[in-house]
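First the proteins, then the strands, lettered A, B, ... as listed; each starts at 1. Worth knowing before you read on, the calculation uses all heavy atoms, side chains too, and leaves out hydrogens, waters and symmetry mates. If you're wondering where the values come from, they're calculated on a predicted model, not measured in any experiment.
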Amino acid sequence: MEEAFLVNYLRMKLATAFYRQPDVVQIARDLLGKYLFTNINGVMTGGRIVETEAYAHINDQACHSHLGRFTKRTRVMYEAGGVAYVYLIYGRYALFNIITNEAGKADAVLIRGLEPVEGIPEMLLRRGLPTVSPKLTAGPGLLTQALGISIPHYGTDLTGDLIWLEDRGDVVPDELVLASPRVGIDYAGADTALPWRFRLKGSKWTSPAK
DNA sequence: CTAAGGATTAACT
DNA sequence: GTTAATCCTTAGT
């Protein structure tokens, strides 16, 4: 087998077919072990996804697009799967979500934890940290800082060369997946019991939140 | 443990 | 048009 082919095979960029699958919960689980990269100002940074949460447009009050809510902020959620939904929370932190499903079915997966792999010196610089620790990328508002993702990346096509995901042949077996209720959504109306938060068992790069 | 921070949104006039 | 409450969190006591 040609080496070039092998490298290509092991580093396959996720295509629209992946993002447009109908089951957002399944996608959230399958994203564990995938790799998220950015190439901003010619600097590549990225890592392995170890924590996600699913948000569905139906039967899910916690989802920004629930019951067809369509506003300036939620507009991209209604595009076909494979674009970035970035929004600001608590006035400070950008959170990165992947839009899934077909156009009009506004599902999303929030990326909450990342194991740093590529461009670690640049990530440290962006985070203002001297050494590598879970404070680098363990948390949804932290990994966006480390990767340089912010509000202007709202709507970015995830099959392009700015922000993208790769399957590197890393398979996470079910026994290493922890499914639990989501974080930070216990406000009026949200179903806090749904086990739609997925974590890689034993990873120190999952978010510290309750 | 708690304060911070600013956009977003719903609820008003 | 305006106001007030809210938030898929983090950093710092």
- Task: Would you mind reading off the distance between Met77(A) atom CE and dT8(B) atom C1', rounded to a whole angstrom?
- Result: 14 Å
- Hey, would you say the Phe70(A) and Tyr78(A) ring centroids sit under 6.0 Å apart? yes
- May I have the distance from His57(A) (atom NE2) to dC8(C) (atom P), rounded to whole angstrom? 19 Å
- Query: Out of dT9(B), dT9(C), dA11(C), which nucleotide sits closest to the side chain of Val183(A)?
  - Reply: dT9(C)
- DNA chain B nearest-nucleotide lookup for Thr74(A) and Ile89(A): closer to the 5′ end is Ile89(A)
- Query: Quick one: Phe96(A) CZ to dC8(C) P, roughly how many Å, whole number?
  - Reply: 18 Å
- Message: Can you identify which nucleotide, out of dA11(C), dT9(C), dT9(B), has its nearest atom closest to the Leu95(A) side chain?
- Response: dT9(C)
- Message: Can you measure Arg112(A) atom CZ to dT10(C) atom P for me and round it to whole angstrom units?
- Response: 7 Å
- Message: Under a 3.5 Å cut-off for both contacts, is dT6(C) paired Watson-Crick or G-U wobble with anything, and if yes, with which nucleotide?
- Response: dA7(B)
- Note on the structure: When rounded to whole Å, the OH to C1' distance for the pair Tyr87(A) and dA7(B) reads 12 Å
- Counting side-chain heavy atoms from C-beta on, which of dA11(C), dC8(C), dA7(B) comes nearest to Arg127(A)? dA11(C)
- Task: Compare all side-chain heavy atoms of Leu114(A) with those of Leu136(A) and state whether any distance is below 4.5 angstrom.
- Result: no
- Query: Without hydrogens or angle criteria, can the side chains of His57(A) and Asp107(A) be said to hold a donor-acceptor pair below 3.5 Å?
  - Reply: yes
- Candidate nucleotides dT9(B), dG5(B), dC8(C), ranked by approach to the side chain of Tyr90(A) - the nearest: dG5(B)
- His66(A) NE2 to dC7(C) C1', in whole Å, measures 13 Å
- Message: Taking 4.0 Å as the cut-off, does a side-chain nitrogen or oxygen of Arg73(A) come that near to OP1 or OP2 on dT9(B)?
- Response: yes
- Message: Counting the atoms with a prime plus P, OP1 and OP2 as sugar-phosphate, which does Ile151(A) contact under 4.0 Å by heavy atoms, base, sugar-phosphate, or nothing?
- Response: nothing
- Message: When you compare the ring of Tyr93(A) with the six-membered ring of dT10(C)'s base, are the centres less than 5.5 Å apart and the planes under 30° from each other?
- Response: no
- Between Arg69(A) and dT9(B), is there a side-chain N or O to OP1/OP2 distance below 4.0 Å? no
- How many Å lie between CG on Leu142(A) and C1' on dC8(C), as a whole number? 14 Å
- May I ask you to say what Arg92(A) touches in the nucleic acid, namely base, sugar-phosphate or nothing, with a heavy-atom cut-off under 4.0 Å? base
- Salt-bridge present (Glu166(A), Lys34(A); N to O < 4.0 Å): no
- Query: With ring centroids as reference points, do His64(A) and Tyr87(A) lie under 6.0 angstrom apart?
  - Reply: yes
- Note on the structure: Glu51(A) atom CD is separated from dT9(C) atom P, nearest whole Å, by 10 Å
